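Working notes, structure below.
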Amino acid sequence: MVTQIISTMETQVSNGPAANCLSNGPVMGSSSTDDSKTNLIVNYLPQSMTQEEFKSLFGSIGDIESCKLVRDKITGQSLGYGFVNYVDPNDADKAINTLNGLKLQTKTIKVSYARPSSASIRDANLYVSGLPKAMSQKEMEQLFSQYGRIITSRILVDQVTAGISRGVGFIRFDKRNEAEEAIKGLNGQKPLGSAEPITVKFANNPSQKTGQALLTQLYQTAARRYTGPLHHQTQRFRLDNLLNASYGVKRFSPITIDSMSSLAGVSLTGPSGAGWCIFVYNLSPEADESVLWQLFGPFGAVTNVKVIRDFTTNKCKGFGFVTMTNYDEAAMAIASLNGYRLGDRVLQVSFKTSKQHKA
DNA sequence: TCGAATT
């Protein structure tokens, strides 16, 4: 858990023209000339960046033959990448040297030569989940390399726990058919010595988040910023106000911390450096992350909340998870919120049980 | 009634 702040490392594994994402290639009017030394792909652009800002940034390096920020055809949202074709190959080189790795908002942009446009290299990007936490990027590549030439790979890591793998990553193959073969060969397979099968599927486009997800992300950032070391009494008071204001109900469970921690036969999801995971049951189908922040935030440091939704309906499946940093604050939240009436529902709140090592 | 992860 605790995967809000994400840092990643990506290495270039190809020789020659650098990797890219998708292949719109040189944009308009480039005819049959060789663009390999002038045409660049720019990845990991901030969602909010406009075509004008994009052009302005890269135009500051030198004359641009053409440039295009790639957008979703339907929504018009930026897909987080674009192409710049310079007039002078020296400017392309200069753009890579000066703008690659530039930090813009929460993103670190990547500037590299675009591969020649062709249908065969499209949709060759895979999303992999369920990777063993101990698996390195190199090991992941070894696993996939039997299916083709890997252009880029990445394993996502959790920054707040000092770079522990989140067990998910990306593999971009040179060719789509290589990616297809990798799915056939590896999806549902257990990597050597691992008990869990991995999931391998085609990746979504980058930076494609729902407006809801973006709002949630913003809210989580803000909430964490203001989660200060308030005294418990004050927090109680704050919670009362919050809940009264928000839901018009009030009730604290009489369950004590001691009775909570003496539950027999269940192993708790431990601190594990990432905090204490709390299971929240009986949320309404309309519940969203903000409810969990409001409920748990007043008790102390909350690092992560998650409402589990049905994939197709996007409605809450009735439960969610909250991660809190400190045991006593988590215990206090559980003691106070278990049995809490939220609208016409009575919440059940407990430490998340671990299916893995239950006795 | 105890998850899923999207650069």
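Here is the naming used below: chain letters follow the sequence lines, and residue numbers restart at 1 for every chain. Fair warning: this is a prediction, and the values are worked out from it, not measured in the lab.
- Regarding A:Phe202, its CZ atom lies at a distance of 18 Å from the P atom of B:dT7, rounded to whole Å.
- Stacking here means ring centres nearer than 5.5 Å and ring planes tilted less than 30 degrees, and by that measure A:Phe170 stacks onto B:dT7.
- Among the nucleotides B:dA5, B:dT7, B:dG3, the one closest to any side-chain atom of A:Asn125 is B:dT7.
- Taking the six-membered ring for Trp and the full ring otherwise, the centers of A:Tyr327 and A:Phe351 sit less than 6.0 Å from each other.
- Checked against B:dT1, B:dT6, B:dG3, the side chain of A:Tyr281 finds its nearest nucleotide in B:dT1.
- Cation-pi geometry between A:Arg154 and A:Tyr127 is not met at under 6.0 angstrom from the ring centre and within 45 degrees of the axis.
- Just one of A:Val168, A:Leu156, A:Val200, A:Ile198 meets the side-chain contact (heavy atoms from CB on, under 4.5 Å) condition when paired with A:Ser129; it is A:Val168.
- As rounded to whole Å, 20 Å separates atom P of B:dT1 from atom NZ of A:Lys306.
- Here B:dT1 is the nucleotide among B:dT1, B:dA4, B:dA5 with the atom lying nearest to any side-chain atom of A:Gln348.
- Among the nucleotides B:dA5, B:dA4, B:dT7, the one closest to any side-chain atom of A:Tyr127 is B:dA5.
- Rounded to whole angstrom, the span from the CG atom of A:Leu347 across to the P atom of B:dC2 amounts to 16 Å.
- Under the 3.5 Å distance criterion, with hydrogens and angles disregarded, a donor-acceptor pair is assigned to the side chains of A:Asp93 and A:Asn97.
- Atoms CD1 (A:Ile171) and P (B:dT6) sit 17 Å apart, rounded to a whole Å.
- With contacts defined as side-chain heavy-atom distances shorter than 4.5 Å, the pair A:Arg341/A:Arg345 does not qualify.
- Within 4.0 Å of A:Phe319, counting heavy atoms only, lie sugar-phosphate atoms of the nucleic acid but no base atom.
- For the pair A:Arg166 and B:dT7, the criterion of a side-chain N or O lying under 4.0 Å from OP1 or OP2 is not met.
- Rounded to an integer number of Å, the gap from CG of A:Asn314 to P of B:dG3 is 18 Å.
- Straight-line distance from the CG atom of A:Asn204 to the C1' atom of B:dA5: 12 Å, rounded to whole Å.
- Listed nucleotides B:dT6, B:dT1, B:dG3 differ in distance to A:Asn304; the shortest reach to its side chain belongs to B:dG3.
- A:Asn338 places its CG atom 17 Å from the P atom of B:dT1, with the value rounded to the nearest Å.
- Note: NZ (A:Lys352) to C1' (B:dG3) measures 7 Å, nearest angstrom.
- Comparing B:dG3, B:dC2, B:dT7 by their closest approach to the side chain of A:Tyr44 singles out B:dT7.
- The A:Val168 side chain lies nearest to B:dA5 when the options are B:dA4, B:dT1, B:dA5.
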